[in-house]
There are 2 protein chains.
Amino acid sequence: MARKTGSHSEITGPKIKQTALELFARYGFAAVSMRKIASEVGVQAGAIYNYTPDKQGLLFDLLYGHMEDLLTSWHLQNVSQDPIAALDHFVGFHLDFHICRPDLVFISYMELRNLNPNNFIIIEDLRGNYENIICEIITKGISDGIFKVKDPKITSFAIIAMLTGVVDWFRSDGVLTEYDLKQHYSILTRQMLGVNGPA
Amino acid sequence: MARKTGSHSEITGPKIKQTALELFARYGFAAVSMRKIASEVGVQAGAIYNYTPDKQGLLFDLLYGHMEDLLTSWHLQNVSQDPIAALDHFVGFHLDFHICRPDLVFISYMELRNLNPNNFIIIEDLRGNYENIICEIITKGISDGIFKVKDPKITSFAIIAMLTGVVDWFRSDGVLTEYDLKQHYSILTRQMLGVNGPA
DNA sequence: GTCTATAAGAGGATAGAC
DNA sequence: GTCTATCCTCTTATAGAC
């Protein structure tokens with residue numbers, strides 16, 4: 001099929017997103033120029049504007065896509081009614097999903113402040129939906145008399161912070177396998193919720 | 001005492017640090033210009049260079065001061081040999097120290113990547129010293145047969161991430177008191193470590 | 001779809017007057 | 001210690017050729 005010289009829309013678009021992601025994660029949104037992104041992609045700065053209205057759009061797309069992915073992936077899971085099984089499932093899912101997307105996790109936390117107000121509200125809303133997932137698991141576990149914690153909301157925050165923090169230090173090519181990591185965090189969360197016994 | 005007109009070194013210095021801190025936390029290091037800092041302080045941009053060699057120095061001073069403060073404060077504490085008491089003490093100390101310094105906590109995590117390599121190493125080293133404190137408490141608790149976790153290092157990361165994450169949502173003027181917060185996290189950490197019973 | 005050129009301004013940092 | 005003025009580079013975004 002005929003195509004104009006220098007036309008690469010199927011490649012350039014994703015490449016711009018990927019490059020922006022890496023650079024934002026490495027240097028921060030404000031520190032990365034459109035020229036820098038373009039140069040890494042191998043095009044001129046002007047060409048980027050065929051794929052995004054502006055720099056803000058680039059950031060929003062990354063964060064929105066990430067949260068959509070996260071929520072969609074969770075809703076594809078088949079989750080047990082048993083609180084302990086559901087908790088284990090959530091821990092494993094959260095670690096799996098986040099460990100293989102360290103850059104997205106990083107900027108989703110880091111660059112929230114660089115979203116314009118409208119975009120910020122959208123992302124915060126999706127984030128709230130995700131927090132509700134674990135909160136509801138905990139709430140059910142408490143009312144079933146299985147989990148022994150007072151406040152499901154605070155406990156949700158504690159678990160999410162603890163799990164997401166793994167991204168800061170865990171390396172897939174290190175001595176600790178992802179399987180062992182998940183086992184360890186599964187035990188920690190179970191114990192945190194007052195459940196004893198092996199995972 | 002006589003003083004030149006327009007000379008305010010005792011005020012301007014601290015004011016620059018404080019303003020830089022607030023602006024870095026709010027907008028990010030790269031997004032804040034020396035002109036913006038100066039304008040907030042009420043001086044011209046050139047005047048800032050009487051207090052810092054460059055913008056990097058401003059960031060490093062904030063992060064270094066924070067870590068020094070943290071370590072010094074801990075070493076002023078009188079810590080029990082009893083692992084459970086020491087753990088509770090650490091949880092309370094960490095929450096107290098971090099809750100009243102949200103901006104410093106934020107940039108100490110966020111702006112690490114904007115430190116030049118030498119400065120980065122220095123801060124990371126201090127951070128490692130702090131992590132060792134809780135790691136040693138856990139290690140002792142395990143060998144005393146009181147804490148039931150496998151890996152003290154991973155558990156340290158989990159606890160620090162969980163506690164520091166509080167800064168993202170806790171507000172001193174909210175319905176939850178700092179006392180109740182500390183109680184709650186004290187129970188969560190105890191349970192996480194396999195210790196049962198009330199805090 | 002990508003390029004070059006350009007508009008219009010903001011950036012860090014310094015020099016020298018006061 | 002602070003000011004003004006300045007250097008020189010980099011910034012986002014657009015216009016129009018190809």
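Order of the sequence lines sets the chain letters (A, B, ...), proteins ahead of strands, with each chain counted from 1.
Between the P atom of dA13(D) and the CG atom of Leu58(A) lies a distance of 10 Å, rounded to the nearest Å. Rounded to an integer number of Å, the gap from Phe29(B) CZ to dG12(C) C1' is 10 Å. Atom NZ in Lys55(A) sits roughly 16 Å away from atom P in dA10(C) (whole-Å rounding). Taking atom CE of Met34(A) as the reference point, atom P of dA13(D) lies 6 Å away to the nearest angstrom. Here dG11(C) presents its C1' atom at 16 Å from CD of Gln56(B), a figure rounded to the nearest Å. Atom CD1 in Ile48(B) sits about 14 Å away from atom C1' in dT14(C), given to the nearest Å. The interatomic distance linking Asn114(B) (CG) with dG12(C) (C1') rounds to 14 Å, in whole Å. Spacing between atom CD1 of Ile37(A) and atom C1' of dT11(D) amounts to 12 Å, rounded to whole angstrom units.
Residue-level contact check: Val32(A) touches the backbone only, with heavy atoms under 4.0 Å from sugar-phosphate atoms and none from bases.
OP1 or OP2 of dT2(D) lies within a sub-4.0 Å distance of a side-chain N or O belonging to Thr12(B). Phosphate proximity of dC3(C) to Gln44(A): absent, as no side-chain N or O sits under 4.0 Å from OP1 or OP2. The shortest distance between the side-chain N/O atoms of Ser33(A) and the OP1/OP2 oxygens of dT11(D) is below 4.0 Å.
Aromatic rings of Phe170(B) and His98(B) (six-membered ring for Trp) have centroids beyond the 6.0 Å cut-off, not under it. Here the two rings, on His184(B) and Phe157(A), have centers that are 6.0 Å apart or farther. Centroid-to-centroid, the aromatic rings of Phe90(A) and Trp74(A) come within less than 6.0 Å.
Side-chain proximity of Arg35(B) to the nucleotides dA13(C), dG1(D), dA13(D) is greatest for dA13(C). Side-chain proximity of Asp54(A) to dT4(C), dA13(D), dT2(D): nearest is dA13(D). Minimum atom distance to the side chain of Tyr51(B) is reached by dG1(D), of the listed dA13(C), dT2(C), dG1(D). Taking every side-chain heavy atom of Tyr49(A) into account, dA13(D) is the closest of dA13(C), dT2(C), dA13(D). Candidate nucleotides dC3(C), dG1(C), dA13(D) were compared by shortest atom distance to the side chain of Val43(A), and dC3(C) ranks first.
Remark: Asp82(B) pairs with no residue by the salt bridge (charged side-chain N to carboxylate O under 4.0 Å, His left out) rule, at least two apart or across chains. Considering only residues two or more places apart in sequence or on other chains, Lys17(B) meets the side-chain hydrogen bond (donor to acceptor under 3.5 Å, both in side chains) condition with none of them.
Checking Lys36(A) against Gly46(A), the closest nucleotide of DNA chain D that is more toward the 5' end is the one next to Lys36(A).
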